[in-house]
Each structure stands twice: as structure tokens, then as C-alpha cells.
Amino acid sequence: MTTNTENALGSYLKDRRSRLDPTTFGFSTIRRRTPGLRREEVAQLSNISPTWYTWLEQGRGGAPSVDVLNRIAAGLMLTEQEREHLFMLGRGHPPDVKYRPTEGVTPRLQRLLDALEVSPAFIRTATWDVVAWNRAAAAVLTDYGSLPPEERNILRLIFCNARVRRAQTDWEGVARFVVSTFRADVTRAGASAEVQLLVEELIKLSPEFEALWKDKDVRVYGEGTKRLNHASIGLIELEYSGFAVDGRPDLGMVVYNPSTSADASRIRTLIADAASSGSAAMTAFAA
């Protein structure tokens, strides 16, 4: 006989269904001895055999297939984190990565960016579209709010924007770094198909991008130092770090800290000037 300790998958499934309100799914609450959904109701919602679902909770029938786990995850309305845990219990590894376009950032995440007064910071998707930023980023890097959403892509800025290119003290090194880390992020997120049109467009527009893309080089973002020739405040040095956004595998956060107190002071002045003029000056993106 299989115990609940041995059958962690069954225990997890029981716990998840016990937390769901039957009325949410159109089921009657009459004559229910326990809270939550019944086994046959979960099977119905998941479009699988009631017998097979019962066996899963009882620890019988062997390892469930990927399709069955995905159906159960949908039937139980599991979050991405809960779905991943379901796969770990059922198959011993996370589900295969499937890219999903971002739905934006939460107000809490935006407040985190805004709290970084003199540290330019932004949130980017796995396909390197910038979807959120703070005032320091608008003043020091690029005023993303003045750009159409489709132009807020980091690769487009690096390879197709002459102003951005001029601001880089080492454009070749930056370009190689951007392409190699972009490739790694896209592959990790399972978004190769989603960026195909962007890649094809950049190959046509930039021979340099085409050459770097053919190199097949991959890197991680990590951390380092970036020097920019800013249009208003001249040469500025920033220390950058890349962070994963917990619970949001589709997003990454990049923070640039001024390397010296002098750099911080100049950034603070730049932000104040931008605020007084009513808009941040278009400057340069630092990859």
C-alpha cells in the first residue's frame, strides 16, 4: 500500500482540489462531505478519465504523461509556480519551457524601480523589450516613454539608432555582449520563434548584427561596469547588475548604479533638470 508520504503527487492534488470552490465551476454544493472539488469533477475539468485521476491520487498507474499533467494544471487553475511543482512531483523535472508574452509589470514592481532614485533601472522581457523603467533610466539611458512600444527593444536601439551607437565608448564590445546574452535569454525562455522576425529584420538592416548572430556566442548578463558618453553630462561610469524577477520567468531587471559619488551627483542634477523641463532628454541606452 502506498502511503501519503510516498505519494507526494496524490497529496498535492488532493490539497489543490480541496481549495477550489465548486460554484466557481458551476458544480452544486449539495451533499458534499468535504470542501473543494470531487475527484470526478477534477477529471471532468481536466478532460481525463475519472479512474485515471483517482489512480494518480492513490499513487497507482505509474508516472503521468506531460499531456495529462498539463490538463490537470489547467483544470485545477494552477499558477505557473504550482504547475512547475506539479511536474516536479509527477515527472521529477520542470515542464518544458514555453514562451508566453509578458502582460506587463505589477504596481509593486514599478514602485521598486521608482525607489532607486539615482540608479537607472528597467524591466525587460525575454525578447529584450523594455516594459518598465524609472526616472533615472529615462534621464540617463533612454526616454522609453517617448518611443512607440515596438521601438523599445534593446537590439533595435543598439544596432539601428545612431545616437545610441555614438554614446557607447566601446560599441563593438557592447554589440557582441548584447547579441550573445540576447541569444541565451531567448533560448532559455523558449522564445526563438517569437524573435525570428526581429532577427531577420536586423540581419537586413545591420551587417554587423548578421556577423555577430552567425557567431553563435552565448553569455549571461551577470554584472560589470559600463561607461557612457552622455550627451548632457559627458563621460559617466555605471556598475550594472542583472536580476531575475521572482515568479516572473518572462522578465528580468537591470540596475545601473553610479560608480562614484560624483557620477551620482551628476545623475541627480540631470533628473532634476529633466523634471523641471517637463520631460527627460533623449539620451543613450547602455546595454
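Since this is a predicted model, take the numbers as computed values, not measurements. The analysis underlying the following values was restricted to heavy atoms, covering all of them including side chains, and did not include hydrogens, waters or symmetry mates.
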Trainee: Between Arg176 and Glu208, does any NZ, NE, NH1 or NH2 come within less than 4.0 Å of an OD or OE carboxylate oxygen?
Mentor: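 Answer for the salt bridge query: no.
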
Trainee: Which atom pair, heavy atoms only, marks the closest approach of Arg183 to Leu212?
Mentor: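 Nearest pair, atom of Arg183 first, then Leu212: NH2-O, 3.5 Å.
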
Trainee: How close do Ile271 and Ala139 get, heavy atom to heavy atom, and via which atoms?
Mentor: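 Heavy atoms of Ile271 and Ala139 come nearest at CG1-CB, 4.1 Å.
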
Trainee: Going through the checks in order, is the side-chain contact (heavy atoms from CB on, under 4.5 Å) test met by Leu13 and Leu56?
Mentor: CA-CA 9 Å; Leu13 290 173; Leu56 286 180; 4.2 Å; yes

Trainee: What is the minimum heavy-atom distance between Gly75 and Ser46, and which atoms define it?
Mentor: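 Answer, listing the atom of Gly75 first, then Ser46: CA-OG, 3.8 Å.
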
Trainee: Does the pair Arg219 and Asp217 meet the rule for a side-chain contact (heavy atoms from CB on, under 4.5 Å), with working shown?
Mentor: CA-CA 7 Å; Arg219 304 185 193 182; Asp217 188 25; 3.3 Å; yes

Trainee: State, with a plain yes or no, whether a side-chain heavy atom of Thr54 is found less than 4.5 Å away from one of Thr51.
Mentor: no

Trainee: For a side-chain contact (heavy atoms from CB on, under 4.5 Å) check, start with the C-alpha distance between Leu86 and Leu78, then their side-chain angles and the critical distance, and finish with the verdict.
Mentor: CA-CA 9 Å; Leu86 179 70; Leu78 299 185; 3.9 Å; yes

Trainee: Work out which heavy atom in Pro120 is nearest to a heavy atom in Val140; give both atom names and the distance.
Mentor: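 Result for this residue pair: CG-CB, 3.8 Å.
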
Trainee: First locate atom CG of Leu45, then atom OH of Tyr53, and finally report the distance between them rounded to the nearest 0.5 Å.
Mentor: 10.0 Å

Trainee: Run the numbers on Arg83 and Asn70 for side-chain hydrogen bond (donor to acceptor under 3.5 Å, both in side chains), then give the verdict.
Mentor: CA-CA 8 Å; Arg83 174 174 170 266; Asn70 276 326; 3.0 Å; yes

Trainee: Looking at every heavy atom in both Leu9 and Gly90, which two are closest together, and how far apart are they?
Mentor: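 For Leu9 versus Gly90, the nearest heavy atoms are CD2-CA, 4.0 Å.
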
Trainee: Does the distance from a Lys or Arg side-chain N to an Asp or Glu carboxylate O, for Lys204 and Glu200, drop under 4.0 Å?
Mentor: no

Trainee: Minimum heavy-atom separation for Val186 and Ala126, please, with both atom names.
Mentor: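 Where Val186 meets Ala126 most closely, the heavy atoms are CG2-O, 3.6 Å.
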
Trainee: Between Ile236 and Pro258, is any pair of side-chain heavy atoms under 4.5 Å apart?
Mentor: no

Trainee: Charged N to carboxylate O under 4.0 angstrom, Arg156 versus Glu151?
Mentor: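 Between Glu151 and Arg156 there is no salt bridge, as every charged N stays at least 4.0 Å from the carboxylate O atoms.
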
Trainee: Looking at side-chain heavy atoms only, is the closest gap between Phe182 and Val195 below 4.5 Å?
Mentor: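 Touching, per the 4.5 Å side-chain cut-off.
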
Trainee: Under 3.5 Å, side chain of Ser18 to main-chain N/O of Asp15, donor-acceptor pair present?
Mentor: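 Between the backbone of Asp15 and the side chain of Ser18 there is a qualifying donor-acceptor contact (under 3.5 Å).
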
Trainee: NE2 of His230 to CG of Leu141: how many Å apart, nearest 0.5 Å?
Mentor: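 Result: 8.0 Å between the selected atoms.
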
Trainee: Rounded to the nearest 0.5 Å, what's the gap from OG1 on Thr181 to CZ on Arg188? Could you check?
Mentor: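 Thr181 atom OG1 to Arg188 atom CZ measures 9.5 Å (nearest 0.5 Å).
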
Trainee: For the ring pair Tyr12 and His85, is the centre-to-centre distance below 6.0 Å?
Mentor: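 Yes; His85 has its ring centre under 6.0 Å from that of Tyr12.
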
Trainee: Would you confirm whether Arg268, through its side chain, and Val118, through its main-chain N or O, come within 3.5 Å as a donor-acceptor pair?
Mentor: no

Trainee: Quick one: does any side-chain atom of Thr125 pair with a main-chain N or O of Thr127 as donor and acceptor, under 3.5 Å?
Mentor: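 Yes.
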
Trainee: Is there side-chain contact between Gln168 and Asn229, with at least one heavy-atom pair below 4.5 Å?
Mentor: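 The answer is no; the side chains never approach within 4.5 Å.
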
Trainee: How long is the span from the OG atom in Ser146 to the CG atom in Asp143, to the nearest 0.5 Å?
Mentor: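 These two atoms lie 4.0 Å from each other.
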
Trainee: Does Asp185 pair with Arg124 as a salt bridge, N-O distance under 4.0 Å?
Mentor: yes

Trainee: Output the distance between atom CH2 (Trp55) and atom OG (Ser49), rounded to the nearest 0.5 Å.
Mentor: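 If I round to the nearest 0.5 Å, the distance is 8.0 Å.
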
Trainee: Under a 4.5 Å cut-off applied to non-hydrogen side-chain atoms, are Ile154 and Asp129 in contact?
Mentor: no

Trainee: Is it the case that the ring center of Phe159 lies less than 6.0 angstrom away from the ring center of Trp213?
Mentor: no

Trainee: So, are Glu239 and Lys226 salt-bridged, with charged N and O less than 4.0 Å apart?
Mentor: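 No, Glu239 and Lys226 are not salt-bridged.
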
Trainee: Assign the ring pair Tyr240 / Tyr256 to parallel, tilted or perpendicular, where the plane angle (0 to 90°) is split at 30° and 60°.
Mentor: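 It falls in the tilted class, 30° to 60°.
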
Trainee: Examine distances only and state if a side-chain atom of Thr169 and a backbone atom of Arg227 form a donor-acceptor pair shorter than 3.5 Å.
Mentor: yes

Trainee: Main chain of Leu113, side chain of Asn134: is a donor-acceptor contact present, judged purely on distance under 3.5 Å?
Mentor: yes

Trainee: Verify salt bridge (charged side-chain N to carboxylate O under 4.0 Å, His left out) between Arg39 and Glu57, making sure each step is shown before the conclusion.
Mentor: CA-CA 9 Å; Arg39 287 173 175 169; Glu57 284 203 1; 2.9 Å; yes

Trainee: Kindly say whether Gly36 contributes a backbone atom to a donor-acceptor pair with the side chain of Arg17 at under 3.5 angstrom?
Mentor: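 Judged by distance alone, no pair lies under 3.5 Å.
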
Trainee: The test is side-chain hydrogen bond (donor to acceptor under 3.5 Å, both in side chains); show your working for Ser65 and Asp67 and say whether it passes.
Mentor: CA-CA 5 Å; Ser65 69; Asp67 181 56; 5.1 Å; no

Trainee: For the atom pair CZ (Arg111) and CG (Leu109), what is the distance rounded to the nearest 0.5 Å?
Mentor: 10.0 Å

Trainee: I want to check something: taking the side chain as every heavy atom from C-beta on, are Trp171 and Ile158 in contact at a cut-off of under 4.5 Å?
Mentor: yes

Trainee: Taking Ser265's backbone N and O only, do any of them form a donor-acceptor pair with Thr269's side chain (distance below 3.5 Å, no angle check)?
Mentor: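 The answer is yes, because a donor-acceptor pair under 3.5 Å joins these two groups.
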
Trainee: Under the side-chain contact (heavy atoms from CB on, under 4.5 Å) rule, what do Leu251 and Val131 come out as? Steps first, then yes or no, please.
Mentor: CA-CA 9 Å; Leu251 298 178; Val131 293; 4.2 Å; yes

Trainee: Check whether any side-chain heavy atom of Phe87 lies under 4.5 Å from a side-chain heavy atom of Pro95, and answer yes or no.
Mentor: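 Yes; the side chains approach each other to less than 4.5 Å.
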
Trainee: Tell me if the CD atom of Glu223 is crowded by more than 12 foreign heavy atoms within 6.0 Å.
Mentor: no

Trainee: Side-chain contact, heavy-atom cut-off 4.5 Å: Trp133 with Val130?
Mentor: yes

Trainee: Flag the pair Arg266 and Asp263 as a salt bridge only when some basic side-chain nitrogen lies within less than 4.0 angstrom of an acidic carboxylate oxygen.
Mentor: yes

Trainee: Strictly distance-based, threshold 3.5 Å: is any side-chain N or O of Arg32 a donor or acceptor partner for the main-chain N or O of Ser28?
Mentor: yes

Trainee: Say whether Leu205 and Val199 are linked into one hydrophobic cluster, either directly or through other cluster members, by side-chain heavy-atom distances under 4.5 angstrom.
Mentor: no

